[in-house]
Each structure stands twice: as structure tokens, then as C-alpha cells.
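What follows is one structure encoded as C-alpha cells, with my remarks underneath.
Residue numbers run from 1 in the order of the sequence given. Keep in mind the model is a prediction, meaning the values are calculated, not measured.
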Amino acid sequence: MDVKKVLILTGAALLVFFLVTQPVQSAGIVNSIITTLREGAEAVITFVQTVFKG
């Protein structure tokens, strides 16, 4: 078995384990990740708008 495949399966198993055993905390982590990605995207948009306005 490929090492990459083993790592992916292990990560997926851990993800499912945490989703089942700690759903509230898992939802909080997902919301935090989504918020961070949204803020990053907004920062890039603001940067691009500023570059093309000036």
C-alpha cells in the first residue's frame, strides 16, 4: 500500500471519529476555517480593487 494512501485513509478516519464523538467542537472548527478563508478572500479582493483604482 502506498504511504500517501495510508495517510489519507488515516486522516479520513480521524475526521469521522471527531465528527461522531465531538460534533459541536467539530462544527466550531469548520466555522473557524470558513471565517478565515472568507476574510482572506475579502482581503485579496480589497487589495485588487485598490490596485486598479489607483
Side-chain angles (χ1 to χ4, degrees):
M1 222 176 174
D2 191 18
V3 174
K4 183 178 177 183
K5 193 173 189 177
V6 170
L7 290 175
I8 290 172
L9 290 174
T10 302
L14 283 171
L15 177 66
V16 170
F17 172 76
F18 283 116
L19 286 174
V20 171
T21 60
Q22 300 177 3
V24 174
Q25 291 84 354
S26 298
I29 291 170
V30 170
N31 282 334
S32 175
I33 292 170
I34 290 172
T35 299
T36 301
L37 291 173
R38 189 193 75 226
E39 290 173 352
E42 289 173 353
V44 169
I45 290 168
T46 301
F47 171 77
V48 171
Q49 286 176 338
T50 304
V51 167
F52 288 109
K53 284 183 182 177

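Follow the hydrophobic side-chain contacts under 4.5 Å out from Val51 and you reach Val48 in the same cluster. Cluster annotation: Leu9 and Val6 are assigned to the same hydrophobic cluster (Ile/Leu/Val/Met/Phe/Trp/Tyr, side-chain heavy-atom contacts under 4.5 Å, transitive).
For the atom pair OG1 of Thr10 and CG of Leu15, the computed distance is 12.5 Å after rounding to the nearest 0.5 Å. Taken to the nearest 0.5 Å, the NZ atom of Lys53 stands 9.0 Å off from the OG1 atom of Thr46. Atom CD of Gln22 is separated from atom CD1 of Ile29 by 8.0 Å, given to the nearest 0.5 angstrom. Separation of atoms CG (Leu14) and CG (Leu19) is listed at 11.0 Å; rounding is to 0.5 Å.
Looking at Thr21, its side chain does come within 3.5 Å of a backbone N or O of Phe17 through a donor-acceptor pair.
Among Val30, Asn31, Leu37, Thr36, the one residue that satisfies the side chain to side chain contact (heavy atoms under 4.5 Å, CB included) test with Ile33 is Leu37.
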